[in-house]
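Numbers restart at 1 for each chain; the letters A, B, ... are given by sequence-line order, proteins then strands. Hydrogens, waters and symmetry mates play no part in the numbers below; they use all other heavy atoms, side chains included.
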Amino acid sequence: MSVLYYNAYIMAKKQAYDHRKIEKKWQKKWEASKIYKTDDKTLKLGQKKFYVLDMFPYPSGEGLHVGHPKGYIATDVVSRMKRMSGYKVLHPMGWDAFGLPAEQFAIKNKTNPMIGVKKTVARFKKQVSIIGLDYDWDREINTTDPKYYKWTQWTFLKMLEAGLAYESHEPINWCPSCKTGLANEDVEDGKCERCGTPVEKKPLRQWVIRITKYADRLLNDLEALEWPEPIKDAQRNWIGRSEGAEVAFKTNAGVDISVFTTRVDTLFGVTYVVIAPESKLIAEFGDNIKNQKEVAEFIKNTSKISDIERTAVDKPKNGLKLEGVVAINPANNEEVPVFIADYVLANYGTGAVMAVPAHDTRDYAFAKKYDLPIREVIQSENIKDEKRGENGDKKNVDELFVDDGVLINSSKFSGLNSEEARGKIAKTFGKLVTKYKLRDWVFSRQRYWGEPIPVIHCAECGVVPVPYKDLPVVLPRVKSYEPTGTGESPLANILSWVNVKCPKCKGPGKRETNTMPQWAGSSWYYLRYMDPKNDKALVDPKKEAFWSPVDFYVGGAEHAARHLIYARFWHKFLQDIGVVKYGEPFKKLQNVGLIMGEDGRKMSKRYGNVVNPDTIVETYGADTLRLYEMFMGPFDQEITWKTDNIIGVRRFLEKVWRLQERVMSDAGAGADKKTGGKKTNNSGAKIAAEGVVLDNPTEILFNQTIKKVTDDISTLGFNTAISQMMILVNQLEKLETIPKSVYLTLIKLLAPFAPHATEELWMLFGEKGSVHTSGWPEYDSSKLVLNTITVMVQVNGKVRDQFSAELGISKEEMEKLALDSKYIKDNFAGKTPSRIIVVPNKIVNLVY
RNA sequence: GCCAGAGUGAUGAAAUGGUAAACAUACUCGACUCAAAAUCGAGCGCCGCAAGGUUUGUGGGUUCAAGUCCCACCUCUGGCACCA
């Protein structure tokens, strides 16, 4: 049915469920009565608390599409259910608003980004509000608020004090289009994550955070987290721990080349050594290098090509021999040549590798290209000698074998397997070490719209932190937000801001003009919600102790290796300096599956497939939108939006609405308080006096529904929770009368999903207060199974017949009834089964 | 290449090793209606008029019993990737 048509239909049904009136009314009332406000005047440790958090959004100018609120609705359902269950609930919302999108908007419109952010926040908030989410808006935060970023800067200074923040001049990832340096995490496939431009290497002074110091803790503490395994794996992968060995190769230049390898068992197979073109060793070799000119040229050419070209896997490896330099393999004292090559990375391991072409794909390709010797030192345990030349001569063997195996040609280590050999060889010729792929966090951006890094450069004193009392260092207004592209941020042009006195010597100083990356503010925002107005501390320790950790965190999987790593790191640092108690910020994490456009592509303006939630709310209602997004499919799964399918949950809500006409007082409940004036007829009064009870099958279904909805919300099986309620409603529809207590229980179960309609019905039945602060229903565990059961008769595991019986029927009785069944009599008369398996109350399997 | 996840009707999907396809959409037929919509009723994996048979990516295995557990393979999705 078309949206237009449905509109007309709604208009015609004035008597019926009118979501427009109901939803606006209750949103206003809730706002006025502040029923969702989190009261933290009294916080007792041990009190039932639940902190449920959405990854806060970046309020972009485009506004919401229908996919954005999916996660918010889920946390809303959980938060409402927990509130009804008697928990003290914290469910806040805020804005992550520093960074490029807001800045680009500012450049385009020549307005201060603060103004742009205000506008987009207002729009965003309005869109979120009409969905009826139960946020405590008194706790709203914004990362661009100086009162907020004061504490982001404060933490940076603490890191500086702790030696975790340092200045570096190493070449970093540089996006020539965004004109800023990027962290490793901001580079995807060698391209800028933001704009897709291939990233270049650029030597630049920058602030870097020593996140690598936390690598092992970040890795080990993953174990205890209730996070989806794929996300944990992504983090493990990103941290990339490898156990290996460092071995020093002496050179004729008097400088050792230290190499890192995970395959020290192949040490006897080294036929050359390769160092990264950026390696400092090259300078240290000095005049020993005879082909200086070519080397300089090679280095220059390598630095020019972008990372994306350089790291393409199938790209031929380029290298150059350092003439005049030889390294000595400590294992056999053999002299081997030294190369520089683009396939060796300067910032991993030691920036130098020992090349074993017989047992490493890259070394093999390089050796083939430059015609270098290949020496086999590992043999497969399975394959015998068949692949090798006559007389055991392995000199010209060019077979590539990369697995573990048995050592050959390795003096006294020959015959050991790879694993044993690694330990022994490392001990003899080097040392065991652990390396991580994780890189230190490049923390400077040469852009305007970010938190100023609170340090002052003084010619006399060097880097001087801004005194804590002078925080925040407020981002000044500028005329132009354009990045300069020179490696300086636009802030450098505001001399009145830049030029300050050195806090130490009172001499002339200059403010740092780099700003922090977008991920800074979001690394600790969940702590600020606990205590949003505190000007004396990042968070009050008592409040932190009460609310931490976040019990349930919901957001997109794309943050696996960025926000979620940065936040964990930041938190651990705050733990180390005593600001927070626990080592992990987010106890349980759940990913939202994306909602795709009807054409199966990502929802985007570009494809014209964006569905706006406002339209859906206007046409079908917020409650319907909420139910639909929860009913679509498994929560964490990517799913295609289909406006046509919304009608199903809308029909369900209307059925629930209409059921109110059949509601009667329960047995013994006395006169009905009022059912909205609808049930005052004679028959109704009579039944009310006598009371209504459910028949056994419905009563069982009713209790099963309470159980299933309760369980499913906890395990995020929202879709099955809703279908269970649909089953109950379909059953209740068949009844003449419904006990009021049953109906009100249904309303409560539905309340987290459809808060407006249920609140209206709650009121219509004259119940006190709000359904959302009423208690969560409990089920009668003695009434979960039917008295009469259906037993299946199987032959060799295939269902052939069935019979009904009383619950609790004995095994013997079941067996007898099965043998008496028609199918068995017709087909197996007179035959005795070789085996009979009886599953109590369920199945009899006869094996013939 | 490495790591992880997923393959079930026309569609979204459901199923503690125990009746596969619940719930919902679409579709077909019927009731109501001058008519349409809404609503209600019936049907709806595949083969078959029916009785019945058969079905969870492919092939094997474990089990009385497999969508579910194990092995191999195919396909798709996501993450990582010259990380030594």
Side-chain angles (χ1 to χ4, degrees), chain A residues 1 5-6 8-10 12-13 16 188-190 228-238 240-242 244 259-264 266 274 310-317 341-345 347-356 359-363 365-366 402 435-439 557-558 560-561 591 594 628 631-634 636-642 644-649 651-652 654-655 658 717 719-727 729-730 733 790-802 833-839 842-848:
Chain A
M1 186 185 343
Y5 189 82
Y6 199 76
Y9 154 66
I10 297 280
K13 286 175 72 178
E188 271 173 12
D189 265 339
E229 252 341 283
I231 299 292
K232 289 204 211 178
D233 273 322
Q235 292 213 351
R236 285 186 193 112
N237 225 317
W238 190 262
R241 181 188 164 98
S242 10
V259 302
F260 173 69
T261 176
T262 53
R263 290 298 303 273
V264 74
T266 63
V274 194
R310 181 163 166 192
T311 60
V313 179
D314 44 4
K315 180 190 161 290
K317 295 161 187 16
D342 56 3
Y343 78 96
V344 174
L345 305 173
N347 50 3
Y348 180 74
T350 59
V353 301
M354 58 179 226
V356 187
H359 305 292
D360 180 277
T361 344
R362 295 150 303 184
D363 299 341
F366 191 78
V402 295
K435 297 281 178 191
Y436 297 93
K437 283 196 231 172
L438 185 72
R439 306 282 201 270
E558 69 273 16
N591 294 124
L594 272 184
Y628 177 59
F631 183 64
M632 288 175 87
D636 57 352
Q637 191 175 297
E638 181 180 298
I639 208 152
T640 305
W641 177 267
K642 284 212 176 74
D644 280 354
N645 286 15
I646 294 175
I647 192 70
V649 286
R651 279 181 192 144
F652 164 66
E654 288 180 11
K655 281 182 193 177
R658 283 198 304 267
N719 53 336
T720 47
I722 293 167
S723 63
Q724 182 67 30
M725 287 189 277
M726 286 173 166
I727 295 169
V729 166
N730 290 345
E733 266 197 320
T790 304
V791 176
M792 307 313 294
V793 180
Q794 295 185 335
V795 174
N796 301 330
K798 297 213 173 201
V799 176
R800 295 303 182 200
D801 208 338
Q802 64 182 59
S834 60
R835 201 173 156 187
I836 301 175
I837 291 100
V838 181
V839 183
K842 267 190 186 147
I843 274 172
V844 181
N845 189 10
L846 307 168
V847 184
Y848 282 95

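- Close to B:rG12, at under 4.0 Å from its OP1 or OP2, lies no side-chain N or O of A:N719.
- Between A:Y343 and A:F366, the ring planes lie tilted relative to each other; the angle falls in the 30° to 60° range.
- For A:E558, there are no salt bridge (charged side-chain N to carboxylate O under 4.0 Å, His left out) partners, not counting sequence neighbours.
- Closest contact between the side chain of A:F631 and the listed nucleotides B:rG79, B:rU11, B:rC23 involves B:rC23.
- Distance from the side chain of A:K655 is smallest to B:rA24 among B:rA24, B:rA84, B:rU19.
- For the pair A:R236 CZ and B:rA81 P, the interatomic distance rounds to 17 Å; values are reported in whole Å.
- Partners of A:T720 according to the side chain to side chain donor-acceptor pair (under 3.5 Å) rule, which considers only residues two or more places apart in sequence or in another chain, are A:D712.
- Atom NE2 in A:H359 sits about 23 Å away from atom P in B:rC82, given to the nearest Å.
- Looking at residues two or more places apart in sequence or on another chain, you find no salt bridge (charged side-chain N to carboxylate O under 4.0 Å, His left out) involving A:D801.
- For A:I647, the listed nucleotide lying nearest its side chain is B:rA26; candidates were B:rC40, B:rA26, B:rA84.
- Residue A:S242 places its side chain closer to B:rA84 than to any other of B:rC82, B:rG79, B:rA84.
- Here the nucleotide nearest the side chain of A:K842, chosen from B:rA13, B:rA84, B:rU16, is B:rU16.
- Looking at the side chain of A:N645, the nearest of the listed nucleotides B:rU25, B:rU16, B:rA14 is B:rU25.
- B:rA20 and B:rG45: their P atoms are spaced 14 Å apart (whole Å).
- For the pair A:K642 NZ and B:rA10 P, the computed distance is 14 Å after rounding to whole Å.
- Side-chain proximity of A:D233 to B:rA24, B:rC3, B:rG79: nearest is B:rC3.
- Listed nucleotides: B:rA14, B:rU25, B:rC23. Nearest to the side chain of A:M726: B:rC23.
- A:Q235 meets the side-chain contact (heavy atoms from CB on, under 4.5 Å) test with A:L222, A:W227, A:L564, A:I565, A:R568; sequence neighbours excluded.
- Close to B:rA24, at under 4.0 Å from its OP1 or OP2, lies a side-chain N or O of A:N730.
- With B:rG12, B:rC3, B:rC82 as the choices, the nucleotide that has an atom nearest any side-chain atom of A:Y343 turns out to be B:rC82.
- When the P atom is used for both B:rG12 and B:rG57, the distance is 14 Å, rounded to whole Å.
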Could you go through nucleotides 51-53 of chain B and list every protein N or O atom that sits under 3.5 Å from one of its N or O atoms, giving the distance for each pair?
unit_1 : atom_1 : unit_2 : atom_2 : d
B:rG53 : OP1    : A:R800 : NH1    : 3.2

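- Annotated as syn: B:rG9, whose O4'-C1'-N torsion sits within 90° of 0.
- Here, B:rA38 and B:rA26 have their P atoms 9 Å apart, quoted to the whole Å.
- Taking all atoms of both residues into account, the shortest heavy-atom contact from A:R263 to A:M354 is O-CE, 3.6 Å.
- For A:K437, the side chain to side chain donor-acceptor pair (under 3.5 Å) test picks out no residue, with sequence neighbours left out.
- Distance CD1 (A:I231) to P (B:rG79): 10 Å, rounded to an integer number of Å.
- Regarding A:I722, its CD1 atom lies at a distance of 18 Å from the P atom of B:rA22, rounded to whole Å.
- As a whole-Å value, the separation of A:D644 CG from B:rU11 P is 16 Å.
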Strand RNA chain B in bracket notation, Watson-Crick/G-U under 3.5 Å with | for pairs to another chain: (((((((..(((.....[....))).(((((.......))))).(((....)))..(((((..]....))))))))))))....
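- Comparing B:rC73 with B:rA13, their C1' atoms sit 27 Å apart, to the nearest whole Å.
- Taking atom C1' in both B:rC69 and B:rU62, one finds a spacing of 8 Å when rounded to whole Å.
- Nucleotides B:rU75 and B:rG30, compared at atom C1', are 44 Å apart to the nearest Å.
- Scanning for salt bridge (charged side-chain N to carboxylate O under 4.0 Å, His left out) contacts around A:R800 gives an empty result, with sequence neighbours left out.
- The shortest distance between the side-chain N/O atoms of A:Q637 and the OP1/OP2 oxygens of B:rA13 is below 4.0 Å.
- Under the side-chain contact (heavy atoms from CB on, under 4.5 Å) criterion, A:N796 pairs with A:V847, not counting sequence neighbours.
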Enumerate the protein-to-nucleotides 61-65 of chain B contacts in which both atoms are nitrogen or oxygen and the separation is below 3.5 Å.
unit_1 : atom_1 : unit_2 : atom_2 : d
B:rC64 : OP1    : A:R835 : NH1    : 2.7
B:rC64 : O2'    : A:N845 : ND2    : 3.0
B:rC64 : O2     : A:N845 : ND2    : 2.6

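- Looking at residues two or more places apart in sequence or on another chain, you find a salt bridge (charged side-chain N to carboxylate O under 4.0 Å, His left out) between A:K232 and A:E229.
- With B:rA14, B:rA84, B:rU19 as the choices, the nucleotide that has an atom nearest any side-chain atom of A:V344 turns out to be B:rA84.
- Annotation: B:rA14 and B:rC23 have their P atoms spaced 14 Å apart (nearest Å).
- Atom CH2 in A:W238 sits roughly 10 Å away from atom C1' in B:rG79 (whole-Å rounding).
- With C1' as the reference atom, B:rA21 and B:rU8 are 8 Å apart, rounded to whole Å.
- Residue A:R658 places none of its side-chain N or O atoms closer than 4.0 Å to OP1 or OP2 of B:rA38.
- With sequence neighbours left out, the side chain to side chain donor-acceptor pair (under 3.5 Å) criterion links A:N347 to A:R439.
- Protein atom OH of A:Y436 is 13 Å distant from nucleotide atom P of B:rA84, rounded to whole Å.
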